[in-house]
Undergrad: 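Below is the structure I would like to discuss, written out as structure tokens.
Being a predicted model, the structure only gives us computed values, none of them experimental. Basis for what follows: all heavy atoms, side chains included, without hydrogens, waters or symmetry-related copies. When a ligand or atom number is given, it counts from 1 through the structure's own listing order.
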Amino acid sequence: MGLFEDIAENLQKGKANVVKELVQKAIDEGNSAKDILEKGLMSGMNVIGVKFKNNEIFIPEVLIAARAMNAGAALLKPLLVSAGVKAKGKVVIGTVKGDLHDIGKNLVKMMMEGKGFDVVDLGVDVSADKFAQAAVDQKADIVACSALLTTTMVEMKGVVAAVSKAGIRDKVTIMVGGAPVTDSYCKSIGADLYAPDAASAADAAMAAAVGS
Ligand code: B1M
């Protein structure tokens, strides 16, 4: 079995310590952080997603796998964060109200930090008002909202409204993403940017920062 398959396999078994060791091995062998993330960690998490959907595994197993994913991803963070890069702008990020999924949001945060953004993480289950207030308090350039549920992605529309109500709509870029979110949904709620994955989110943030 190759190293990436080994990472994916152990992630599915929830063996956080083994995943950490294997990710470190992959780093030491000179693999890119992107490859380790996509071909190892995310590939394992995708299998978990399919099994969860098919009722082959349940929430405890998913949580244990998620813990292993986070343990491995944490080792990649220093590789993604370029040292000494001047802040490109400030981002407030969070998972929308009613939604507790944070693995994707954490990856987006990591990638944005890697591009030199100063990222304030509001966590999960973040209300629209909290996003808007944080954007005001932090003088944010970008408000980044993640949602993984079709039932919670609708909260993003509330974030757009709350940011407008706070009087800063013309000062901030609102970025949305997460598995059920699409570009047409982004446009339909009046948000500014949609990104399908963490790397594109960081690139889109860069493009927005350069453009502003
Ligand atoms: Co849940 N869950 N979950 N879950 N869970 C999904 C999302 C689901 C698709 C599973 C399924 O049925 N196949 C399904 C949603 C169905 C739907 O609405 N369409 C689902 C469900 C139903 C639920 C519960 C309701 C289950 C229940 O209780 N009956 C419940 C809801 C809890 C809540 O939030 N209120 C629930 C709970 C959980 C756990 C707590 C057990 C756990 C979350 C642990 C955690 O995050 N700390 C969990 C998990 C892990 C998943 C799956 C298996 C994996 C999600 C994940 O982390 N993927 C997921 C199935 C799946 O996705 N295949 C599932 C890996 C991650 C890297 O990808 O988050 O998509 P993702 O992020 C990507 C992109 O989407 C994008 O970049 C990331 C990386 O490239 N992205 C952005 C994300 N945010 C972005 C923001 C951006 C830009 C890009 O800009 C701002």
Undergrad: For side-chain contact (heavy atoms from CB on, under 4.5 Å), just list the numbers for Leu79 and Leu76, CA-CA rounded to whole Å, side-chain angles, deciding distance to a tenth of an Å, and then say yes or no.
TA: CA-CA 5 Å; Leu79 302 178; Leu76 300 177; 4.3 Å; yes
Undergrad: At less than 4.0 angstrom from any non-hydrogen atom of Met42, what atoms of ligand 1 do you find?
TA: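 Reading through ligand 1 atom by atom, the close ones are 79 (C), 80 (O).
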Undergrad: Geometry only, no angles: is Thr151 polar-contacting ligand 1 at N/O separations under 3.5 Å?
TA: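 N/O-N/O distance below 3.5 Å does not exist for this pair.
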Undergrad: Who else is in the cluster with Ile64 when I, L, V, M, F, W and Y are joined by side-chain contacts under 4.5 Å?
TA: none
Undergrad: Show your working on side-chain contact (heavy atoms from CB on, under 4.5 Å) between Ile48 and Ile57 and close with a plain yes or no.
TA: CA-CA 8 Å; Ile48 288 290; Ile57 56 166; 3.8 Å; yes
Undergrad: Mind checking whether Leu11 and Val62 sit in one hydrophobic cluster, side chains of I, L, V, M, F, W, Y counted as touching below 4.5 Å?
TA: yes
Undergrad: Under 4.0 Å between a side-chain nitrogen and a carboxylate oxygen: does that hold for Arg169 and Asp192?
TA: yes
Undergrad: Tell me, which protein residue and heavy-atom name are nearest atom 33 (C) of ligand 1, and how many Å apart are they?
TA: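 Ranked first by proximity to atom 33 (C) of ligand 1 is Leu100 N, 3.5 Å.
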Undergrad: Please state which option from Pro196, Gly177, Gly104 has its nearest heavy atom closest to atom 76 (C) of ligand 1.
TA: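 Ranked by closest heavy atom to atom 76 (C) of ligand 1, first place is Pro196.
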Undergrad: Within a distance under 4.0 Å of any heavy atom of Leu107, pick out the atoms of ligand 1 and give their elements.
TA: 67 (C), 79 (C)
Undergrad: Quick check against the 3.5 Å criterion: does Thr95 have a side-chain atom that pairs as donor or acceptor with the backbone of His101?
TA: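 Yes, Thr95 side chain to His101 backbone: donor-acceptor pair under 3.5 Å.
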Undergrad: Taking N or O atoms only and a 3.5 Å limit, does Gly98 qualify as a polar contact for ligand 1?
TA: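 So ligand 1 has an N or O lying under 3.5 Å from an N or O of Gly98.
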Undergrad: Yes or no, since that's all I need: does a protein heavy atom fall within a distance strictly under 4.0 Å of atom 38 (C) of ligand 1?
TA: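 Within 4.0 Å of atom 38 (C) of ligand 1, protein heavy atoms are found.
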Undergrad: Salt bridge between Lys105 and Asp121, side-chain N to carboxylate O under 4.0 Å?
TA: yes
Undergrad: What salt bridge (Lys or Arg N to Asp or Glu O under 4.0 Å) pairs are there with at least one residue in residues 155-167, not counting sequence neighbours?
TA: none
Undergrad: How far is atom 53 (C) of ligand 1 from its nearest protein heavy atom, and which residue and atom name does that atom have?
TA: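 Checked against all protein heavy atoms, atom 53 (C) of ligand 1 sits closest to Gly49 CA, 3.6 Å.
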Undergrad: Output the list of atoms in ligand 1 that are nearer than 4.0 Å to some heavy atom of Asp99, sorted by atom number.
TA: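 Ligand 1 atoms under the 4.0 Å threshold to Asp99: 34 (O).
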Undergrad: Any idea which atoms of ligand 1 are less than 4.0 Å away from a heavy-atom of Asp197?
TA: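 That gives atoms 76 (C), 77 (O), 80 (O) of ligand 1.
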Undergrad: Just jot down the ligand 1 atoms closer than 4.0 angstrom to any heavy atom of Cys145, in number order.
TA: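 Answer for ligand 1: 86 (C), 91 (C).
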Undergrad: Looking only at protein heavy atoms, which one is nearest to atom 17 (C) of ligand 1, and how far off is it?
TA: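 It is Thr150 OG1, 3.6 Å.
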Undergrad: Could you give me a count of protein N/O/S atoms that are under 2.8 Å from atom 1 (Co) of ligand 1?
TA: 1
Undergrad: Would a 4.0 Å cut-off, counted as strictly less than, catch a protein heavy atom around atom 8 (C) of ligand 1?
TA: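 No, because not a single protein heavy atom sits under 4.0 Å from atom 8 (C) of ligand 1.
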Undergrad: Using a strict cut-off of less than 4.0 Å between a Lys/Arg side-chain nitrogen and an Asp/Glu carboxylate oxygen, indicate whether Glu113 and Lys77 qualify as a salt bridge.
TA: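 Salt bridge between Glu113 and Lys77, a charged N being under 4.0 Å from a carboxylate O: yes.
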Undergrad: Is a side-chain donor-acceptor pair under 3.5 Å present for Asn17 with Glu21?
TA: no
Undergrad: Which residue holds the protein heavy atom closest to atom 45 (C) of ligand 1, what is that atom called, and what is the gap in Å?
TA: Asp102 OD1, 3.4 Å
Undergrad: Indicate whether atom 85 (C) of ligand 1 is within a distance of less than 4.0 angstrom of some protein heavy atom.
TA: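 Given the 4.0 Å limit, the answer for atom 85 (C) of ligand 1 is yes, a protein heavy atom qualifies.
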Undergrad: If you have a sec, work out which protein heavy atom is nearest atom 27 (C) of ligand 1 and how many Å separate them, to one decimal?
TA: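 Checking every protein heavy atom, the shortest distance to atom 27 (C) of ligand 1 gives Ile59 CD1, 3.9 Å.
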Undergrad: Look at atom 12 (O) of ligand 1 and find which of Glu61, Lys105, Lys53, Lys51 reaches it with the closest heavy atom.
TA: Lys53
Undergrad: Check whether the side chains of Ser43 and Asn46 place a donor and an acceptor atom closer than 3.5 Å, and report yes or no.
TA: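 Not at all, the side chains of Ser43 and Asn46 share no donor-acceptor pair under 3.5 Å.
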Undergrad: Hey, looking at atom 77 (O) of ligand 1, which of Ala198, Gly94, Ala144 has the closest heavy atom?
TA: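 It is Ala198 whose heavy atom sits nearest to atom 77 (O) of ligand 1.
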Undergrad: Looking only at protein heavy atoms, identify the closest one to atom 88 (C) of ligand 1 and say how far it is in Å.
TA: Ala195 O, 3.4 Å
Undergrad: Is the closest heavy-atom distance from Asn46 to ligand 1 below 4.0 Å?
TA: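 Judged by the 4.0 Å heavy-atom criterion, Asn46 does not count as contacting ligand 1.
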Undergrad: Less than 4.0 Å between atom 63 (N) of ligand 1 and some protein heavy atom, yes or no?
TA: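 Yes, there is one.
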Undergrad: Please evaluate residues Lys51 and Gln12 with respect to the criterion side-chain contact (heavy atoms from CB on, under 4.5 Å), reporting the C-alpha separation (whole Å), side-chain torsions for both, the decisive distance (0.1 Å), and the verdict.
TA: CA-CA 10 Å; Lys51 288 188 174 169; Gln12 290 168 56; 3.8 Å; yes
Undergrad: Starting from atom 44 (C) of ligand 1, what is the nearest protein heavy atom, named by residue and atom, and what distance separates them?
TA: Leu63 CD2, 4.0 Å
Undergrad: Assess Pro180 for proximity to ligand 1: is some non-hydrogen atom of it under 4.0 Å away?
TA: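 No, Pro180 has no heavy atom closer than 4.0 Å to ligand 1.
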Undergrad: Is there at least one protein heavy-atom neighbour under 4.0 Å from atom 59 (C) of ligand 1?
TA: no
Undergrad: Answer yes if the side chains of Asp129 and Gln133 hold a donor-acceptor pair under 3.5 Å, and no otherwise.
TA: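 Checked: Asp129/Gln133 side chains show no N/O donor-acceptor pair below 3.5 Å.
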Undergrad: Output the rest of the hydrophobic cluster of Val126: all Ile, Leu, Val, Met, Phe, Trp and Tyr residues reachable through side-chain heavy-atom contacts under 4.5 Å, sorted by chain and number.
TA: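 Reading the cluster by chain and number, Val126 sits alongside Val92, Val96, Val120, Leu122, Phe131, Val136, Val143, Met153, Val154, Met156, Val159, Val160, Val163, Ile168, Val172, Ile174, Val176, Val181, Tyr185, Ile189, Tyr194.
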Undergrad: How far is atom 54 (C) of ligand 1 from its nearest protein heavy atom, and which residue and atom name does that atom have?
TA: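 Nearest protein contact, heavy atoms only, for atom 54 (C) of ligand 1 is Met45 CE, 4.2 Å.
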Undergrad: Please check if Met42 and Val50 belong to a single hydrophobic cluster, counting links between Ile, Leu, Val, Met, Phe, Trp and Tyr side chain heavy atoms closer than 4.5 Å.
TA: no
Undergrad: Would you mind telling me if ligand 1 is within reach of the side chain of Thr152, the backbone, both or neither, using heavy atoms under 4.0 Å?
TA: neither
Undergrad: I'd like to know whether Glu9 forms a side-chain contact (heavy atoms from CB on, under 4.5 Å) with Val47, so could you lay out the CA-CA distance, the side-chain angles of the two residues, the decisive distance to 0.1 Å, and finally the verdict.
TA: CA-CA 9 Å; Glu9 193 73 27; Val47 177; over 6 Å; no
Undergrad: Do Leu63 and Leu148 sit in the same hydrophobic cluster, where Ile, Leu, Val, Met, Phe, Trp and Tyr count as joined when their side-chain heavy atoms come under 4.5 Å apart?
TA: no
